[in-house]
2 protein chains.
Amino acid sequence: MTSSVNPKDAPSAAPLGFQNHDHRACVAGALATAESRCAADGLRLTPVRRKVLELLLQEHRALGAYAILDLLREAGFGSQPPVAYRALEFLVENGFVHKVERLNAFVACAHPGRMHSPAFMICRLCEAVAEAPSAPARGAFGAAARAAGFQIERTVVEAEGVCPSCAAKGDA
Amino acid sequence: MTSSVNPKDAPSAAPLGFQNHDHRACVAGALATAESRCAADGLRLTPVRRKVLELLLQEHRALGAYAILDLLREAGFGSQPPVAYRALEFLVENGFVHKVERLNAFVACAHPGRMHSPAFMICRLCEAVAEAPSAPARGAFGAAARAAGFQIERTVVEAEGVCPSCAAKGDA
DNA sequence: CGCTACTTGTCATGATATTACATTTCAGTT
DNA sequence: AACTGAAATGTAATATCATGACAAGTAGCG
Ligand SMILES: [Zn+2]
Ligand SMILES: [Zn+2]
Ligand SMILES: [Zn+2]
Ligand SMILES: [Zn+2]
């Protein structure tokens, strides 16, 4: 969602998505969405899972599993890798979190509640990650896949580059 | 059309990966291309590097760094991880090999000699990997990136699914 | 309650990747 | 041919990412 870059919010030292936004609302909304959808679908958003989602939403950037694990430990949860990986598995399976393959890291979904195939823009300078909608199965690639007889089930689309904030710093 | 797998060994007009093709020519041609381009550009296609490229071309699928390392050891080269990773780094930097992020594995480039941004189709059943041309910076995603002010430098486009060969087996 | 499925905590291990440093090879120069 | 600096290689050690196995706790249910 890149409809408009709205500078109304905090000038912020925030490595957020790329545009400023009301991050408290962004976090609270996503958590609420996750809770209601879990309730609706009979999924169990347990304390660990909820905490991991909350951490990823608050950071608003991609975190490695071990970084998450450190934060979990600080919050009093288990500190062994499977604790983090299992929570992440649940969150990824149910679309609340995406894995960024390029970084071997995880990021909270920016468009929860809707089925979608994510595309990411990853700043190589500040490591900010923005999620854009994508429809890779349409377009030239999808046509090539159909021509080859390949049935696409899942796609990874990740662009590495420089975010507007870092570009401004660098050029200035 | 051309979606059917041709059982005879036809010269590959499209080195697309899932269809049959003259693999000996495919390997020899790619090696020759690599050699001539290295000669032209003053790059050193040393024995280890050439061997890694040859292994990837012959396998014609994605191999993990440690699988490559095993093959290198069998061929009498060094057997420590940096040996493989350094050869792969050279080959990736110079466009002879791509990394498949989704698999943490490497595959020989199917369109060497031309600057391009690869897109992959990965069969989850047989692990075949086909490379298609891609232009992700065009289309909706590129538009989103421009709208966000993000400068794309490199893209990862990988589709996971079922290749025509496995689909035929499964459906039949 | 007792049963079951699921979740969590933990230890151990496996898989992927990099750092550091000594040695060798190579291209260009003397 | 011998010298030299840059590049490449060999090797040990370590760092980072991820999973397997099993015991213990917990929610839902007859
Ligand atoms: Zn936010
Ligand atoms: Zn940035
Ligand atoms: Zn081939
Ligand atoms: Zn297949």
Side-chain angles (χ1 to χ4, degrees), chain A residues 34-35 38-39 41-56 61-94 96-107 122 127 129 156 158, chain B residues 34-35 38-53 55-56 62-94 96-107 122 127 156 158:
Chain A
E35 271 172 352
C38 283
D41 295 2
L43 302 170
R44 294 173 58 187
L45 190 62
T46 61
V48 196
R49 294 167 176 174
R50 197 193 137 97
K51 186 66 183 177
V52 170
L53 179 56
E54 187 188 333
L55 289 168
L56 285 172
R61 63 196 174 93
L63 292 180
Y66 280 68
I68 291 166
L69 190 54
D70 288 342
L71 296 170
L72 281 180
R73 176 171 23 239
E74 286 171 20
F77 294 91
S79 61
Q80 300 302 312
V83 174
Y85 280 102
R86 284 191 293 230
L88 289 166
E89 179 183 36
F90 170 88
L91 294 168
V92 169
E93 263 175 9
N94 295 109
F96 301 120
V97 164
H98 302 297
K99 179 168 187 181
V100 184
E101 299 288 346
R102 172 71 181 150
L103 303 176
N104 293 323
F106 300 84
V107 68
I122 307 163
E127 299 197 322
V129 175
V156 173
E158 300 175 3
Chain B
E35 270 172 353
C38 283
D41 295 2
L43 302 170
R44 293 172 59 186
L45 190 61
T46 61
V48 195
R49 293 167 177 175
R50 198 194 136 96
K51 186 66 182 177
V52 170
L53 179 56
L55 290 168
L56 285 171
L63 292 180
Y66 280 71
I68 291 167
L69 189 54
D70 288 343
L71 296 170
L72 282 180
R73 175 171 24 236
E74 287 172 19
F77 294 91
S79 62
Q80 298 300 314
V83 174
Y85 280 103
R86 284 192 291 230
L88 289 166
E89 179 183 35
F90 170 88
L91 294 168
V92 169
E93 265 176 8
N94 295 109
F96 302 119
V97 164
H98 303 297
K99 178 168 187 182
V100 183
E101 298 288 346
R102 171 69 181 151
L103 303 175
N104 293 323
F106 300 84
V107 69
I122 307 162
E127 300 197 321
V156 173
E158 299 174 4

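Quick note on labels: first sequence line is chain A, next is B, and so on, each numbered from 1.
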*Of the non-hydrogen atoms in A/Ala105 and A/Gly64, which two are nearest, and what is the gap between them?*
CB-N, 4.0 Å

*At under 4.0 Å, does any side-chain N or O of A/Lys99 touch on OP1 or OP2 of D/dC17?*
no

*Can you name the side-chain hydrogen bond (donor to acceptor under 3.5 Å, both in side chains) partners of A/Glu101, sequence neighbours left out?*
B/Arg102

*Spacing of B/Leu72 atom CG relative to D/dT9 atom P, expressed in whole Å*: 11 Å

*Nearest-Å distance, CG (A/Asp70) to C1' (D/dC17)?*
13 Å

_Quick test of your reading: applying salt bridge (charged side-chain N to carboxylate O under 4.0 Å, His left out), list the pairs with at least one residue in residues 79-90 of chain B, sequence neighbours left out, ordered by first then second residue._
none

*If only side-chain N and O atoms of B/Asn104 are considered, is one of them under 4.0 Å from the OP1 or OP2 phosphate oxygen of C/dA17?*
yes

_Nearest whole Å is fine: how far is D/dC17 C1' from A/Glu89 CD?_
15 Å

*Please identify each residue that fulfils side-chain hydrogen bond (donor to acceptor under 3.5 Å, both in side chains) with B/Asp70, with sequence neighbours left out.*
B/Arg73

_In whole Å, I'd like the distance from the CG atom of B/Leu45 to the P atom of C/dC26._
14 Å

*Rounded to whole angstrom units, what separation is found between the OH atom of B/Tyr85 and the P atom of D/dT11?*
18 Å

Write out a two-atom table: protein N or O, nucleotide N or O from nucleotides 5-9 of chain C, distance below 3.5 Å.
residue : atom : partner : partner atom : Å
C/dT7   : OP1  : A/Arg49 : NH1          : 3.4
C/dT7   : OP1  : A/Arg49 : NH2          : 3.4
C/dT7   : O5'  : A/Arg49 : NH2          : 3.3
C/dT8   : OP1  : A/Thr46 : OG1          : 2.4
C/dG9   : N7   : A/Arg86 : NH2          : 2.5
C/dG9   : O6   : A/Arg86 : NH1          : 3.0
C/dG9   : O6   : A/Arg86 : NH2          : 3.4

*asked:* I need the CG-C1' distance between A/Leu43 and D/dA27, as an integer number of Å.
replied: 15 Å

*asked:* Looking at C/dT16 and B/Tyr66: do their rings stack (centroid distance under 5.5 Å, interplanar angle under 30°)?
replied: yes

Atom pairs and distances, side-chain donor-acceptor, residues 38-46 of chain B, under 3.5 Å, sequence neighbours left out:
residue : atom : partner : partner atom : Å
B/Asp41 : OD2  : B/Arg37 : NH1          : 3.3

*When you match A/Pro81 and B/Ala65 each to their closest nucleotide on DNA chain C, which lands nearer the 5' end?*
A/Pro81

_Contacts of A/Arg49 that satisfy salt bridge (charged side-chain N to carboxylate O under 4.0 Å, His left out) - sequence neighbours left out_ = none

